[in-house]
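Right, one structure below, let's go through it.
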Amino acid sequence: MLEEVERWLNARSWSAADRPVQHLLSAKHATGQSVSVVLPALDEEATVGDIVAVIRRELVLGVPLVDEIVVVDSGSSDRTAEVAAAAGARVVHRDAILPRIPAVPGKGEVLWRSLLVTGGDIVCFVDADLREFSADFVSGIVGPLLTDPDVHLVKAMYDRPLGAAPGQGGRVTELMARPLLNMHWPQLAGFVQPLGGEYAARRSLLERLPFPVGYGVELGMLVDALHLVGLDALAQVDVGVRVHRHQDGRALGRMAAAIYRTAQLRLARGHLVRPTLTQFERGADGFEPHTYTVDTEERPPMTDITEYATRRVA
């Protein structure tokens with residue numbers, strides 16, 4: 001590990017307990033910063049309501065740290081929108097945001113569009129499939145942004161159990177993202193959960209970043225933030241244990257392909273000869289190929305979007 005990264009680990013890695021919520025509230029009042037929490041959601045009726053309810057109870061009604069909770073529904077076929085609204089979130093459908101540009105499927109697409117329907121100086125992203133959710137996931141990662149003006153992006157770090165096996169979650173992180181970062185962006189080797197979906201950042205940074213539309217958004221954002229603001233402006237906070245729904249191996253393969261594509265674009269801005277991934281599944285007549293397109297599209301920095309500039313002026 002680079003000496004620079006060792007120093008960074010000591011200076012920019014914290015625990016959620018290092019900053020009590022009351023201390024954060026004082027910092028929020030002193031700086032006048034507002035906080036938005038965004039949950040991208042697709043068919044998450046089983047979990048989204050509990051997450052929203054915890055944030056609202058503890059960080060809106062309890063200690064008023066969060067100014068708005070927005071669930072961006074990316075086309076759920078279940079009751080995600082109704083459950084989220086009943087729990088106290090403002091629910092916006094992905095397709096209703098910036099209709100001039102047709103939406104494409106993908107988590108990064110939803111996060112990018114969320115900048116147009118939130119107002120916080122600090123934007124906190126939380127995945128909507130978490131179970132046993134703790135408000136520390138929010139207060140922990142917004143804390144450094146409220147208390148340290150030199151910090152611009154904070155990732156959550158946590159244990160990720162796979163069933164009963166501790167520390168075995170995050171398979172794409174260990175098999176794809178971590179090797180890529182260590183080899184090509186060794187300054188980022190100190191991040192425990194580089195692909196984690198829980199992170200917070202200053203709007204002033206997010207609006208300058210391009211957003212890969214799919215699974216590559218977390219890796220792309222981390223790499224681009226490193227180049228824009230430097231390693232010392234990035235941080236991570238330990239929030240405990242992350243429990244969520246795990247995907248099967250084929251889904252993880254598609255995720256890994258999108259992440260590799262995101263890295264490739266940032267390494268050379270080149271083009272894949274065939275931006276697809278073929279996987280195999282045994283059928284009645286033997287192994288059958290299934291080919292999927294790899295997410296290749298990226299949305300431009302939000303500062304390039306006319307509607308965003310107009311909204312900020314208004």
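Below, all heavy atoms of this structure are taken into account, side chains as well, without hydrogens, waters or symmetry copies. Note that the structure is a prediction, hence the values are computed from the model and not measured.
Looking at Ser34, its side chain does come within 3.5 Å of a backbone N or O of Asp121 through a donor-acceptor pair. Under a 3.5 Å cut-off, the side chain of Thr262 and the backbone N or O of Ala258 do form a donor-acceptor pair. Panel note: side chain Arg261, backbone Ala256; no donor-acceptor pair is recorded below 3.5 Å. The closest donor-acceptor contact from the side chain of Arg90 to the backbone of Val71 lies at 3.5 Å or more, if one exists at all. In this structure a side-chain-to-backbone donor-acceptor pair under 3.5 Å is present from Ser134 to Asp136. Judged purely by atom type and a 3.5 angstrom limit, Lys155 has no side-chain atom pairing as donor or acceptor with the backbone of Glu198. At distances below 3.5 Å, not a single donor-acceptor pair connects side-chain atoms of Glu68 with backbone N or O atoms of Val37.
Salt-bridge formation is detected for the pair Arg113/Glu109: a Lys NZ or Arg NE/NH1/NH2 atom is positioned less than 4.0 Å from an Asp or Glu carboxylate oxygen. Electrostatic pairing of Asp148 and Arg19 does not count as a salt bridge here, judged by no charged N lying under 4.0 Å from a carboxylate O. A salt bridge is defined here as a Lys NZ or Arg NE, NH1 or NH2 lying under 4.0 Å from an Asp or Glu carboxylate O, and Glu174 with Arg178 meets this definition. Salt-bridge check for Glu218 with Lys107: passed, with a basic side-chain N closer than 4.0 Å to an acidic carboxylate O. A salt bridge links Glu298 with Arg266: the distance from a Lys NZ or Arg NE/NH1/NH2 to an Asp or Glu carboxylate oxygen falls below 4.0 Å. Salt bridge status for Arg242 with Asp127: present, with a side-chain N to carboxylate O gap under 4.0 Å.
Side chains of Thr118 and Arg203: a donor on one and an acceptor on the other come within 3.5 Å. Using a 3.5 Å distance cut-off with no hydrogens or angles, the side chains of Tyr199 and Gln193 do not pair a donor with an acceptor. Side-chain contact of Glu45 with Thr80: a donor-acceptor pair under 3.5 Å is absent, judged by distance alone.
Separating the NE2 atom in His290 from the CZ atom in Arg254 is a distance of 10.0 Å, to the nearest 0.5 Å. For the atom pair Leu205 CG and Ile122 CD1, the distance stands at 12.0 Å (nearest 0.5 Å). In this structure, CG in Asp43 is found 12.0 Å from CG in Asp129, a value given to the nearest 0.5 Å.
Using a 4.5 Å heavy-atom threshold, the side chains of Leu130 and Thr47 count as separate. Proximity of Asp232 to Leu234: side-chain heavy atoms (C-beta onward) are nowhere separated by under 4.5 Å. By the 4.5 Å heavy-atom criterion applied to side chains, Phe211 and Leu209 are counted as neighbours. Val192 places a side-chain heavy atom less than 4.5 Å from the side chain of Gln236. No side-chain heavy atom of Val70 sits under 4.5 Å from any side-chain heavy atom of Ser114. Between Leu65 and Ser139, some side-chain heavy-atom pair lies under the 4.5 Å cut-off.
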Going through the distances and angles, do Glu132 and Val241 end up as a side chain to side chain contact (heavy atoms under 4.5 Å, CB included)? CA-CA 9 Å; Glu132 302 175 23; Val241 179; over 6 Å; no

Hey, mind stepping through Ile259 and Met255 against side chain to side chain contact (heavy atoms under 4.5 Å, CB included) and telling me if it holds? CA-CA 6 Å; Ile259 289 164; Met255 184 184 300; 3.9 Å; yes

Please lay out, stage by stage, how Asp67 and Lys28 fare under the test salt bridge (Lys or Arg N to Asp or Glu O under 4.0 Å). CA-CA 11 Å; Asp67 297 278; Lys28 175 181 166 69; 2.5 Å; yes

In sequence, state the C-alpha distance, the side-chain angles, and the governing distance for Arg12 and Trp14, and then conclude on side chain to side chain contact (heavy atoms under 4.5 Å, CB included). CA-CA 6 Å; Arg12 287 288 188 253; Trp14 297 293; 3.7 Å; yes

Can you check side chain to side chain contact (heavy atoms under 4.5 Å, CB included) on Met302 and Leu206, steps first, answer last? CA-CA 8 Å; Met302 192 56 80; Leu206 293 172; over 6 Å; no

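Residues Phe125 and Met157 do not share a hydrophobic cluster, clusters being chains of Ile/Leu/Val/Met/Phe/Trp/Tyr side chains in contact below 4.5 Å. No continuous path of ILVMFWY side-chain contacts below 4.5 Å connects Leu181 to Leu175, so the two sit in separate hydrophobic clusters.
Taking the six-membered ring wherever Trp is involved, the centroid distance between the rings of Phe191 and Trp8 falls below 6.0 Å.
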